[in-house]
> 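Can you read through this structure? Questions will come right after.
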Amino acid sequence: MTKSVLEGLNPSQKQAVLHLDGPVLVLAGAGSGKTRIITNRIAHLVNDRDVSPSNILAVTFTNKAAGEMKERVEGLVPGTSRKLWIGTFHSICLRILKREIDKLEGFRRDFVIYDEGDQIKLIKECIKSLGYNEKVMEPKFVRSQIDRAKNMAIHPGDEAPSIYQGRVARVFDLYQSELRRVNALDFGDLIAYVLRLFEGREDVREVYRNKFHFILIDEYQDTNKLQYNFIKLLTGERANVFAVGDDNQSIYGWRGADISNILNFPRDFENARVVKLEQNYRSTKIILDASNALISKNAHKHEKRLWTENPGGQKLKYYEASDERDEAHYICEQIRCEISKGGLSYGDFAVFYRTNNQSRMIEEELLRSGVPYTIVGAVGFYSRAEIKNVLAYLKVIANPLDDISLKRIINVPSRGLGKATVQSLEDIARSRVVSVFKAMDIAVDEGIVSKKAVNGLKNFKALLEGFIEYSSAHSVGDVLRRVLEKTGYLETLKGDEERLRNVGEMLNEAAEFSDNRGSGSVQDFLESVILTSDVDNLDEKKGTVALMTMHCAKGLEFPVVFIAGMEENLFPHIKSRENPKQLEEERRLFYVGLTRAKEKIFLTSTSSRRFYGEEKRSTPSRFVAEIPKELLVWESYNVPSPESSSSKGGRGREGSLKRKWTLPAVNRNGVGMRGANGKHSPKGVSLNGGGGLYVVGERVEHQAFGQGIVRNVEGDRDGRKVVIMFPGMGVKTIMETFVGLKKV
DNA sequence: ACCGATTGAATTTTT
DNA sequence: TTCAATCGGT
């Protein structure tokens with residue numbers, strides 16, 4: 001037995017690693033060392049049980065996780081990682097399809113993958129050509145419906161109840177055949193077609209069943225029906241499934257993840273063994289207690305209690321800012337403050353938020369104070385128009401049947417091929433059942449379009465054919481460089497620094513891709529671009545503060561974590577308010593955020609936030625109140641030291657900002673007073689202490705409003721009133737003597 | 001066919 | 001607020 005495989009593992013971990021044949025569900029709480037379990041188990045299989053690495057399939061949630069796992073396995077058993085199959089469901093299925101898809105009728109191996117934007121464009125066309133009104137049937141909505149259906153393994157023709165009938169189903173149907181016509185697959189198809197292949201071709205299925213004797217799946221709580229079917233079909237009788245997950249971290253319900261996969265595992269797989277990993281090695285006791293308390297508010301979960309031997313640590317800090325700028329500034333100051341204490345570097349910090357748009361202000365503030373940061377995800381690099389254009393060129397080069405991409409670039413840069421020309425091309429394509437690419441020839445030969453357009457079409461077609469020819473013998477980097485040269489696209493971007501930079505960045509990436517992988521074809525590059533998420537590129541060793549949504553944060557850990565925007569209607573998000581199930585998912589999301597932290601957590605909210613240009617009042621999230629009060633410290637209003645705000649370039653806007661800072665911003669809660677005199681108070685409590693029954697910061701319970709937190713005490717001793725913030729219900733002012741009010 | 005200007009819609013979360 | 005789509009004039 002290889003010693004290193006079991007070294008330092010606790011009994012449950014050992015049990016999981018050593019398990020023999022048959023299904024296992026490892027319920028691995030946050031920070032319980034699940035990655036280690038998976039990698040060590042792989043090592044154990046290979047080293048001690050003579051399993052060939054090529055007979056092992058490991059499914060991870062992100063490419064990043066796959067890469068890390070590969071590395072760790074390689075460290076344990078050198079030489080194995082190359083033969084292992086490790087990757088996301090999507091990348092694994094892509095790998096299978098690239099070998100097998102021509103066994104499905106009407107598919108070719110040189111297909112491209114459509115991203116969300118492509119999907120929407122195609123769906124829009126389908127809606128139009130079916131004669132539906134796209135104002136009524138929103139393409140975006142239809143897309144999400146189709147996506148959902150796919151994730152639930154529903155086919156267009158299926159007799160499914162509800163929304164999948166009727167017009168959406170008709171669009172779905174047409175969309176699928178259009179995808180096939182243009183030789184493209186969407187995300188869901190990657191998995192769905194593998195399934196179809198396995199179902200329809202026993203010989204193919206047997207090849208993979210015989211190959212993958214052992215299947216390990218990480219983040220099992222976030223698998224959907226489609227993925228479940230894939231696993232089921234692949235394991236067959238053998239059922240050597242090793243599923244690792246934590247139902248408390250299921251946060252992708254909206255994407256079709258089916259929490260019942262993990263909840264029903266013991267029923268789905270006969271004789272399944274369940275191993276619980278309940279010891280947390282990541283966080284301080286206080287962080288763990290807070291997380292446990294929070295998640296206990298959820299009804300649906302496996303019973304599991306995380307514990308730790310780690311020391312207590314520091315209480316969570318909560319700061320209520322006046323607005324986003326204040327919030328961002330607070331975060332900035334805290335980071336600088338922690339750094340100045342020594343021992344930590346910028347890379348040890350992460351700032352999480354619910355929605356991507358929240359990153360703006362925080363980014364600005366970090367920039368202003370010179371704190372290095374990395375934003376993960378934001379407004380996707382790949383969703384910018386200039387990048388999409390460049391990618392569209394590559395897509396057409398890889399797959400000339402791709403009408404959507406072709407139409408996108410036909411007049412970029414402008415070459416006299418406008419709406420009318422495109423319309424005639426589409427007419428030709430439809431009537432003769434050919435691609436738009438082909439239709440260009442026909443239009444030229446038969447002179448169906450204007451003289452000017454004929455010329456433009458000729459040139460454009462020749463240009464593309466030149467690229468295609470060139471790409472057969474050159475790597476993406478070269479191809480892209482040539483595209484930019486010959487089309488003169490860069491010239492049209494002149495003056496727009498940012499766009500130029502983006503395209504330059506894209507070119508770098510393509511060149512790098514070619515270098516790293518010897519050949520690096522256009523198709524390979526496109527696949528990597530579309531299947532690679534932003535988190536995959538996050539480098540913790542870079543030494544920068546990481547900014548990301550809590551969804552992105554899954555699987556990561558940081559010594560110090562900030563969670564911004566702890567406000568009702570933002571987190572929990574307004575759209576998940578009505579549905580208790582969705583509310584529970586929001587709570588799990590918060591749980592994920594909290595459990596990323598090793599040492600310190602800062603929570604922040606604002607009392608007013610701008611939405612689309614409009615300022616809206618906001619109240620603290622109910623989740624804040626769900627953290628036991630003895631684990632939470634209310635931070636007072638925290639005025640920045642004079643140097644820090646004035647030394648940074650005093651450009652126009654900042655003047656007014658500074659004034660904001662010197663105002664006792666939130667007078668009504670009394671906390672602002674202390675801050676205004678420049679003194680930092682570690683606790684924003686007990687300011688009015690001594691006199692009345694209630695003190696600021698204290699937790700109270702109202703017979704009707706439930707639990708709340710005292711924000712201020714007003715009036716004199718004859719008629720003292722308490723101002724209380726009830727999470728989710730707002731701020732109320734109540735007589736101190738009211739009988740329905742008591743301390744908690 | 002092209003350009004600029006006006007209007008309107010959008011904010012969950014992502015492989 | 002910011003972006004994209006649409007409109008109308010040239």
Side-chain angles (χ1 to χ4, degrees), chain A residues 59-66 87-94 113-117 119-121 124 134-135 138-140 143-144 147 150-151 185-191 219 222-224 226-227 250-257 324 352-361 376-380 382-385 388 410-411 413-423 449-450 452-453 456 492 527-536 548-555 565 569-577 582 585-586 588-590 592-593 609-616:
Chain A
V59 187
T60 58
F61 196 71
T62 63
N63 298 296
K64 183 184 164 72
T88 62
F89 276 103
H90 292 92
S91 64
I92 284 163
C93 286
L94 173 65
I113 303 169
Y114 265 17
D115 64 19
E116 191 176 334
Q119 288 185 69
I120 288 176
K121 280 199 164 168
K124 208 174 190 171
E134 61 176 288
K135 288 268 147 50
E138 287 172 68
K140 255 188 162 171
R143 191 208 76 90
S144 71
D147 236 39
K150 280 191 183 173
N151 286 333
L185 269 63
D186 67 17
F187 283 112
D189 289 341
L190 289 175
I191 299 169
E219 308 281 7
D222 282 319
T223 54
N224 60 38
L226 197 60
Q227 293 161 340
S250 162
I251 53 176
Y252 283 92
W254 52 273
R255 200 169 86 185
E324 303 105 298
F352 302 153
Y353 33 78
R354 178 65 238 267
T355 62
N356 274 311
N357 57 27
Q358 291 172 252
S359 67
R360 274 261 157 88
M361 193 60 76
V376 177
V379 184
Y382 294 105
S383 60
R384 287 163 215 251
K388 280 200 211 153
I410 194 165
N411 206 28
S414 114
R415 46 175 77 88
L417 301 174
K419 243 206 295 237
T421 312
V422 172
Q423 185 59 54
V449 290
S450 72
K452 188 171 129 208
T492 67
E527 280 159 8
S528 115
V529 159
I530 201 160
L531 290 185
T532 304
S533 70
D534 230 28
V535 231
D536 295 333
M548 69 190 89
T549 64
M550 271 167 281
H551 283 90
C552 278
K554 193 170 76 161
N569 297 335
L570 180 59
F571 190 33
H573 196 272
I574 188 161
K575 298 216 168 158
S576 44
R577 230 181 14 177
Q582 287 183 38
E585 183 156 315
E586 293 284 298
R588 291 195 294 268
L589 186 58
F590 186 32
V592 167
R609 179 181 295 275
R610 267 228 208 352
F611 277 90
Y612 359 74
E614 239 185 319
E615 208 161 274
K616 289 206 162 177

> Taking C-beta and beyond as the side chain, do A:Glu219 and A:Tyr252 meet within less than 4.5 Å on heavy atoms?
no
> Classify A:Glu138 by what it touches in the nucleic acid, base, sugar-phosphate, or nothing, heavy-atom distance under 4.0 Å.
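A:Glu138: backbone/sugar contact only, no base atoms under 4.0 Å.
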> Does the structure show A:Phe61 stacking with B:dT15, if we require the centres to be closer than 5.5 Å and the planes to be within less than 30 degrees of parallel?
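Not stacked: fails the 5.5 Å / 30° test.
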> Is A:Lys554 touching bases, backbone alone, or none of the nucleic acid, heavy atoms closer than 4.0 Å?
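Here A:Lys554 touches no strand at all.
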> Closest to the A:Tyr612 side chain: B:dT12, B:dT14, C:dT1?
C:dT1
> Is it true that A:Arg354 and A:Glu586 have a side-chain N and a carboxylate O under 4.0 angstrom from each other?
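Counted as a salt bridge, because a side-chain N and a carboxylate O are separated by less than 4.0 Å.
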> Which part of the nucleic acid does A:Thr421 contact within heavy-atom distance under 4.0 Å: base, sugar-phosphate only, or nothing?
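Sugar-phosphate contact only - A:Thr421 comes under 4.0 Å of backbone atoms but never of a base.
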> Does the side-chain ring of A:Phe187 sit on the six-membered ring of the B:dT15 base, less than 5.5 Å centre to centre and under 30° in tilt?
yes
> Scan A:Ser414 against the nucleic acid and name what it touches under 4.0 Å (heavy atoms): base, sugar-phosphate only, or nothing.
sugar-phosphate
> Stacking here means centres under 5.5 Å and planes under 30°; does A:His573 stack on B:dT12?
yes
> Return the nearest nucleotide to the side chain of A:Lys419; candidates are B:dA1, B:dT15, B:dT11.
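The closest nucleotide is B:dA1.
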> Remember a base hit wins even if backbone is also touched, and classify A:Ala385 as base, sugar-phosphate or nothing at under 4.0 Å, heavy atoms.
nothing
> Where the side chain of A:Gln582 is defined as all heavy atoms beyond and including C-beta, which of B:dA1, B:dT14, B:dT12 is the nearest nucleotide?
B:dT12
> Above 12 or not: heavy atoms from other molecules or residues under 6.0 Å from CZ of A:Phe611?
yes
> Would you classify A:Asn411 as touching base, sugar-phosphate or nothing, given that sugar-phosphate means primed atoms plus P, OP1 and OP2, and contacts are heavy atoms under 4.0 Å?
sugar-phosphate
> By nearest heavy atom, map A:Asn357 and A:Arg255 onto DNA chain B; which one lands nearer the 5' end?
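Of the two residues, A:Asn357 wins.
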> Looking at A:Glu116 and A:Arg143, is any side-chain nitrogen of the basic one under 4.0 Å from a carboxylate oxygen of the acidic one?
yes
